[in-house]
**Q** 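One structure coming up, written as structure tokens, with questions to follow.
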Amino acid sequence: MPDHFKGDAMKPNSACVSHAPKTPVARAYKASLAVLLLLLLLLLPTSLLAEPVTLKHAVELALKHATASSIAAADEQRAFANYRELRNNVIPQVTAGAGLGWSYGFPLSLEGAAPSLFNINAQSPIYHFELKDFLRAARAETAGASLRSKDSRNQVIQDTVLSYAELQKWEQRLARLRETEADAQKMQAAVAQRAKEGVDSELENTKARLSVARVHMRIAEAEGAADVLRERLSKLTGLPAAGIQTEADSVPALPAASDPDVPSKAADSNPAVQAAFEHARAQYLRARGEHKLWMPSIDFAAQYAVLSRFNNFQNYFQPGSFVRNNATVGGVIRFNFLNFSQRSHAEAADAGAQKAQKQAEAARDQVSEETLRLQRTLTQLQAARDVAELEYEIALQGVAAVRTRMDAGTATLHDLDDARSQASEHFITLQDVTFELQRSQITLLRSTGDLENWALGPNH
């Protein structure tokens, strides 16, 4: 055989191997492997499938998905539509139709007009003293609705940020508790062995089991709180609850409120307070317009009608004077000399305007007082956090000191367990105080109107 054929002759037929028919065993093996992979994907823990969600992204989703924002937007749209309704009153309203009917004797009117084959009516106000005030009142209500929408938007942001920050706290606590659980279980196993050997008493063994049980209780508490917060964030953002996981670096640093004029500034810039004053202004303008309804009014009116012959019109005109096409154009002047019910209605509007003004002032005072209280609470919580940080630092140093003593033979496992328990308790206290400080700072940001810029950035 020639040399250039030997290599090909010695190689297996790859085409025949690749197209060989698969055996039933091979097909069953591949099918079972695919089913196994699918089951593994379905049974993976949700924490492995979850992707971190940044605070900014969560807030953006909440603003799009939250029902409170949609309700406030609908109220704003309704207020603007009411304003346009009043504004469009100055445009002539034109209607066309017919008033057909059978007449016996003199043709009487149908709905205030003579029977006609076709008619057109047009009317619009020319000068009404009260119309300007009503228009200004409607514009003030529109501005108030816009401010209430902004306040509702801030409420959604605050709820999302607080839920996110609290979930982050519980996630960090869970991670720490998992480490504590592993140490406690090792400690329990060591003490159980020592009790079995007669080195430790059964009481010490029970205490070690109690430490493990306490850690399990803490873990159950943290898992339950985290699940509830994920469900709340799911309702706010529309994301699946199982896939929500926080990202620690996405929360911006909270500014320190050191300005002594923050209470007065918050009272002036708070959207809810501004909306209350706009509502009071609208009530005042509406009441002033009600008092002007007794003044004269001038309206434009026009009418065109095509009259029929079967309504006997020609019988009541001089021969040759009846025409079928008729038109009237002019103005209507009204004087309200006596209208006691309108006077009472205007007095009721005055009382409503006074009430709205007092309510706005009360809202402003409440926001100012609440902002001052938040400032004082922030000072106290900052001091409490400093204390908690120092206590936790001392507890960690205590754990390190016990380890050193154990190496020297002057400390026992129980001393280490007590030091670890104290460090864990101080860590939980530090977390709780830090979150309460965050809550107060976020609430203060909402009061001053800076919450949205803080959560979404100045260029959102």
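Scope of the values below: all heavy atoms of this structure, side chains included, with no hydrogens, waters or symmetry mates. In this chain, numbering begins with 1 at the start of the sequence shown. None of these values were measured; they are calculated from a predicted model.
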**Q** Output side-chain donor-acceptor pairs under 3.5 Å for residues 121-137, partner residues at least two apart or in another chain, one line each.
**A**
residue, atom, partner, partner atom, Å
Asn121, OD1, Gln303, NE2, 3.3
Asn121, ND2, Asn119, OD1, 3.3
His128, ND1, Glu130, OE2, 3.0
His128, NE2, Asp299, OD1, 2.6
Asp133, OD1, Arg288, NE, 3.2
Asp133, OD1, Arg288, NH2, 2.8
Asp133, OD2, Arg288, NE, 3.4
Asp133, OD2, Lys292, NZ, 2.9

**Q** So, using side chain to side chain contact (heavy atoms under 4.5 Å, CB included) as the criterion, who are the partners of Gln431 when residues are at least two apart?
**A**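 Once residues adjacent in sequence are excluded, the partners of Gln431 under the side chain to side chain contact (heavy atoms under 4.5 Å, CB included) criterion are Lys169, Gln172, Arg173, Phe427.
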**Q** Under 3.5 Å, which donor-acceptor pairs link side chains of residues 215-225 to any protein atom two or more places apart or in another chain?
**A**
residue, atom, partner, partner atom, Å
His216, NE2, Glu181, OE2, 3.0
Arg218, NH2, Glu425, OE1, 2.9
Arg218, NH2, Glu425, OE2, 3.0
Glu223, OE2, Arg178, NH2, 2.6

**Q** Less than 4.0 Å between a side-chain N and a carboxylate O, is that true for Asp268 and Arg364?
**A** no
**Q** Charged N to carboxylate O below 4.0 Å: is that the case for Arg439 and Glu436?
**A** yes
**Q** Is any side-chain heavy atom of Asp151 closer than 4.5 Å to one of Arg446?
**A**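 They are in contact (side-chain heavy atoms under 4.5 Å apart), so the answer is yes.
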**Q** Is the backbone N or O of Thr429 less than 3.5 Å from a side-chain atom of Tyr392, with the two atoms forming a donor-acceptor pair by type?
**A**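 No; zero donor-acceptor contacts below 3.5 Å.
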**Q** If the threshold is 4.0 Å, N to carboxylate O, is there a salt bridge linking Arg230 and Asp227?
**A**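 Yes.
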**Q** Glu76 versus Phe80: any side-chain heavy-atom pair under 4.5 Å?
**A** no
**Q** Does a side-chain heavy-atom distance below 4.5 Å link Arg373 with Glu369?
**A** no
**Q** Within a strict 4.5 Å, meaning less than it, do heavy atoms of the Gln283 and Gln357 side chains meet?
**A**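 No, their side chains stay 4.5 Å or more apart.
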**Q** Give, for atom CG of Asp159 and atom NZ of Lys235, the distance between the pair rounded to the nearest 0.5 Å.
**A** 14.5 Å
**Q** What I'd like to find out is whether the side chain of Val251 reaches to under 4.5 Å of the side chain of Thr246, using heavy atoms alone.
**A**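 Not touching, per the 4.5 Å side-chain cut-off.
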**Q** Under the side chain to side chain contact (heavy atoms under 4.5 Å, CB included) criterion, do Gln158 and Ile442 qualify, and how do the steps go?
**A** CA-CA 7 Å; Gln158 182 181 4; Ile442 290 167; 4.1 Å; yes
**Q** Within the structure provided, determine whether Met406 and Thr412 are in side-chain contact (heavy-atom separation under 4.5 Å).
**A**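 With C-beta onward as the side chain, the pair stays apart.
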**Q** Does the side chain of Leu456 reach to within under 4.5 Å of the side chain of Leu63, using non-hydrogen atoms?
**A**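 Answer yes - side chains close enough.
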**Q** Specify the closest pair of heavy atoms between Ala190 and Leu413, including all atoms of both residues, with the distance to one decimal.
**A**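 Closest approach of Ala190 to Leu413: CB-CD1, 3.9 Å.
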**Q** Taking side chain as C-beta onward, heavy atoms only, is Arg209 less than 4.5 Å from Asn205?
**A** yes
**Q** Kindly give the heavy-atom pair with the smallest separation between Val59 and Ala455, and that separation in Å.
**A** CG2-CB, 4.5 Å
**Q** Evaluate Thr180 against Asp183 for side chain to side chain contact (heavy atoms under 4.5 Å, CB included), listing each step before the verdict.
**A** CA-CA 5 Å; Thr180 305; Asp183 294 336; 5.7 Å; no
